[in-house]
Amino acid sequence: MVAQILFSMVLLTAIALFVRNVRRIVNAISMGRPQSINDQPALRWRKMLLVAIGQGKMVKRPISGFLHIIVYVGFLLVNIEMIEIMIDGIFGTHRIFGILGTPYNWLISGFEMLAIFVIVACIIFLVRRNILKVKRFQAVELTTWPRIDANIILLTEIILMSALLIMNAADTIILLRNCGIGVDCYSFLVSSLLLPIFNNLDTNTLIIIERAGWWIHILGVLAFLNYIPYSKHFHIALAFPNVWFSKLQPNAAMPNMPEVTREVEIMMGSRPESDAIENQGVFGAKDIVDLSWKNIMDSFACTECGRCSAVCPANQTGKKLSPRKIMMDTRDRAEELSLFKRLHGADSHDGKSLLGNYITAEEVWACTTCNACVEECPVTINQVSIILALRRYMVMEQSAAPSTINAMLTNIENNGAPWKYAAADRANWTKELYMNEVK
Amino acid sequence: MEETINKLKIKVPVMADLAAHGKTPEYLFWVGSAGSYDDRAKKISRAFAKLLAHAGVDYAILGTEESDSGEAAKRAGAEFNFQMQAIANIEVFKMYGVKKIVTCDPHDYSILKNEYAQLGAELEVYHHSQFLDKLIAQGKLKISNQYLASKTITFHDPCYLGRGNGVFDEPRNVIRSTGAHMVELKRSKIRSFCCGAGGAQMFKEAEKGKTEVFAARTEDVLEVTPDILCTACPFCMLMLTDGIKYKEKQEQIKVLDIAELLADALQL
C-alpha cells in the first residue's frame, strides 16, 4: 500500500513537472513571430509519415540510420510495457497482463529482444562518439555540455533497458521457485539467459533485486522524461510536428516579405500611400523575437547530429559557419531570453541578441544558400531560413553588408546589373553571332 | 560526300521589335545579368542562341529592357532591392504578354519560378537543360555524328537546379544525347557539393577557412578524370573554370556548359 501511494505520488509529480517543462519550451517557441502554416494538410501528413515516423532521411547515412531505427523502434515498443508497469504500480498488482498467458510471454520476449538491440546500438553510439571519434561529433560547437548530454542520454538508455532485463530475470526465478502452488510460470527469451547469474541467490534477495529493477526502470523513465526537455533529446517529441510544419516548396524557394511588397508597390505607385503601415517592426531578425516561431521550433527539434554541417560547403572548407551551431545558438538564446522574460516580465529584455552575442557576421555571410543542410536534416530543419533572416537585418536595418555586396546592390539599383556595366550594353553579346550551316 | 559549311549570321530576336510588328513569340529567352555581361557566360548565351536558331524556336530576348532578376540581392538579404527588380520585371513581362520563359541561369530560373510567382507572376519557367532535353526528345536537335563518343564527361549539379528545384535528369539526358560516356561525381544529384558562388558569394571575398569551396569541388572532379566537365550554370562555370586552372588541369579538362557541349556536338 505504501509502495502504491509512493508510486502514484512520484508518477503525478513527474507528469506535473513534465507538463511544466513542455510549457517552458512552448513559451520559448511562442516568442517568435506569427506564421500561418496549415496549407496542404494531406501532403503534410504524408511527409510526416515518411520523414518522421518512417525515418526516411535517417537511412541516407546507413550505419547511424540503421542503429537509430533500432533505438527508435525499441523506445516506442518497450514503452508499451510502461502501461503495465503503471497499472501494477498504482493498483499493487503484479504483471497484470500476465493473464494473457502465452501471448504475454511472446510480447515480453519481443520487448526483451528489442531491449538487447537498443543496448547494443547505444554502446555502438557511445563508441562512435568517444572512441572512434566520428568527425561529425568533434566540431567546435560541441563543447563540454553537448558532449556530456549525448553520453547521459545513451547511458540512461542502457541503464533503463538493463534494469528491465534484470527485473525480468529475477522475477522468473522467483516464480519458478513458487511454481506448482497456483502461480503460472513464465520465462522470457533474453532474461532467461541471465538466470544462471541469479540462480544461487535466495528468494528474498531476488525479490529485492526484482523490486530494485522495477523501481530503477520506472524512476529512470520518469527522471528521463523530465531530463529530455532540458536536453537535445527533445527531438523525440518535436521531430513529428517539426516535419508536419516544414516547408513544402522546393528547397531553393525563399518566402518574400509581404511588408516589403507593400512598400515597393506604394513606391511604384501601384498602391495608394494610405496603405502604408507605421511601426511594422524590424526587417529581418536580430534576436529570437524577430524570427518566426517555426525557426525556434526547428532549434528545439535539433538533436545536434551534425549531418547539416558535415555537408555544408562553408563548414567543410574550414569556415566558421556551422549550420548545427546556428541551430544550437538559436535554441540556447531562446532558452536564455524566455527565462529572463519569465523572471523579469514579458516586456523585459536582457540587452543581448542572437546576432552578435551568439552568431557572428562572419558566420552569416559564409553561407552559399546551397541548401545542403536543409536537404540533409532528418527532421527537416531549415537552417538557411535563419541565416537569411539575419542577413536581412544586417542589410536592411544596419547596412552592414560586406562592402562588395553593397557595391553589387548599388549597381543593381543604378544600372540593373550586379556589375558596373551600362544597361545599354546588355544585348551586346548578340552582335556578330554566326552559326555553321552544315549542308 | 563533301560538306560545305556556310556561315549564317544569327539575328537574335528582340521582344520590342517583334511587338512593333504585332508579334508575340512563344518563349522569352531570359538571358540574365551573367549571361549578358560576363565574358565567359556570354559564350553560353551565344551557344544557346545558336541552338534556338537551329531548332527553329519561336523566341525573343528583352535586350536592353531586361534588368537584373534581383537574385543575388535576395540571397544577400536585400529584400527591397530584390522586390524592386522583380516587380519591375514582372511589369515588362505583362507588357509583352510573356507566358513562357527559358533561361540558362539556374538562379534566375529558380527565382522566376518560385519567388516571382509569389509576387503574382504567372509564368511557365524552364531551365535550358529542360528545354534542350525537350527539343532533343522532339527530334529538333539531332546529333548524327560521333564527335564526342570517345569523350568522358562528368556533370556538376548546380545547387539551384538540382537540390534547389529537383532538376537532375534533364542535363544528364542532354549530355548522353551526344553519345559521350558519362561518369558521376562522388557527390552528385541531391547531394551535390556547391561550387561556392551561390547566396551572393559571387560578389564577395570568401571568409577565412582552410581551403576554398571551388577548390574542394574541383578535387571531386579530378577524382573521375573526365575530358569534359559539364555544368549548367554561369556561376558554377566561373568557379569551376577557376578551380581547374588553380589545379593546373586546364589542358586536360575542358569546362563547358551543356548548351556549349550540344552546340559543339552539332558543330554549330
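These numbers come from a predicted model, not from an experiment.
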A:Lys60 portion near chain B, given a 4.5 angstrom heavy-atom threshold: both

Option in A:Leu388, A:Thr404, A:Asn251, A:Thr317 with maximal non-hydrogen atom pairs under 4.5 Å from chain B: A:Thr317

Region of A:Gln249 that comes under 4.5 Å of a non-hydrogen atom in chain B: neither

Contacting moiety of A:Asn411, where chain B heavy atoms sit under 4.5 Å: neither

Max heavy-atom pair count under 4.5 Å with chain B, selected residue of A:Pro258, A:Ala366, A:Ala417: A:Ala366

Heavy-atom contact with chain A under 4.5 Å, split by part of B:Ala86: neither

Student check: side-chain heavy atoms of B:Gln85 and A:Ile412 closer than 4.5 Å: yes

Atom NZ of A:Lys420 with >12 non-hydrogen neighbours under 6.0 angstrom: no

Contacting region of B:Ala72 [heavy-atom separation from chain A under 4.5 Å]: both

Residue pair A:Arg392, B:Glu79: steps toward the salt bridge (Lys or Arg N to Asp or Glu O under 4.0 Å) verdict: CA-CA 7 Å; A:Arg392 280 173 171 170; B:Glu79 185 76 7; 3.1 Å; yes

Shortest non-hydrogen contact from A:Val311 toward B:Phe193: O-CE1, 4.2 Å

Chain B contacts, top residue of A:Gly416, A:Pro402, A:Ala424 (heavy-atom pairs, under 4.5 Å): A:Gly416

Engaged part of B:Ser45 at the chain A interface, taking heavy atoms whose separation is under 4.5 Å: both

Donor-acceptor under 3.5 Å (B:Lys11 side chain, A:Leu433 main chain): no

Proximal component of B:Ala215, with respect to chain A [non-hydrogen, under 4.5 Å]: neither

Main-chain N/O of B:Glu66 paired to A:Arg426 side chain as donor or acceptor, under 3.5 Å: yes

Within-4.5 Å side-chain heavy-atom neighbours: B:Lys204 and A:Ser403: no

Donor-acceptor under 3.5 Å (B:Tyr37 side chain, A:Trp429 main chain): no

Options A:Ala389, A:Ala423, A:Ala427, A:Cys370, ranked by heavy-atom pairs under 4.5 Å with chain B, top entry: A:Cys370

Residue among A:Val384, A:Leu409, A:Asn315 with most heavy-atom pairs under 4.5 Å to chain B: A:Leu409

B:Lys74, part contacting chain A, at a heavy-atom distance under 4.5 Å: both

Toward chain A, the part of B:Glu65 with a non-hydrogen atom under 4.5 Å: neither

Within 6.0 angstrom of A:Leu248 CG, more than 12 heavy atoms from elsewhere: yes

When A:Lys431, A:Met267, A:Glu265, A:Glu376 are compared by non-hydrogen pairs under 4.5 Å with chain B, the top option: A:Glu376

Side-chain donor or acceptor of B:Glu115 paired with backbone N/O of A:Met254 under 3.5 Å: yes

Interface moiety of B:Val213 toward chain A, non-hydrogen atoms closer than 4.5 Å: both

Segment of A:Trp365 engaging chain B (4.5 angstrom heavy-atom cut-off): both

Residue pair A:Met435 / B:Lys9, side-chain heavy-atom distance below 4.5 Å: no

Engaged part of A:Glu363 at the chain B interface, taking heavy atoms whose separation is under 4.5 Å: neither

Considering all heavy atoms, the nearest A:Met396-B:Phe80 contact: SD-CD1, 3.8 Å

B:Glu91 side chain near A:Ser270 side chain, heavy-atom distance below 4.5 Å: no

B:Gln83 side chain to A:Met257 backbone, donor-acceptor under 3.5 Å: yes

Residue B:Leu268 versus chain A: region with a heavy atom under 4.5 Å: both

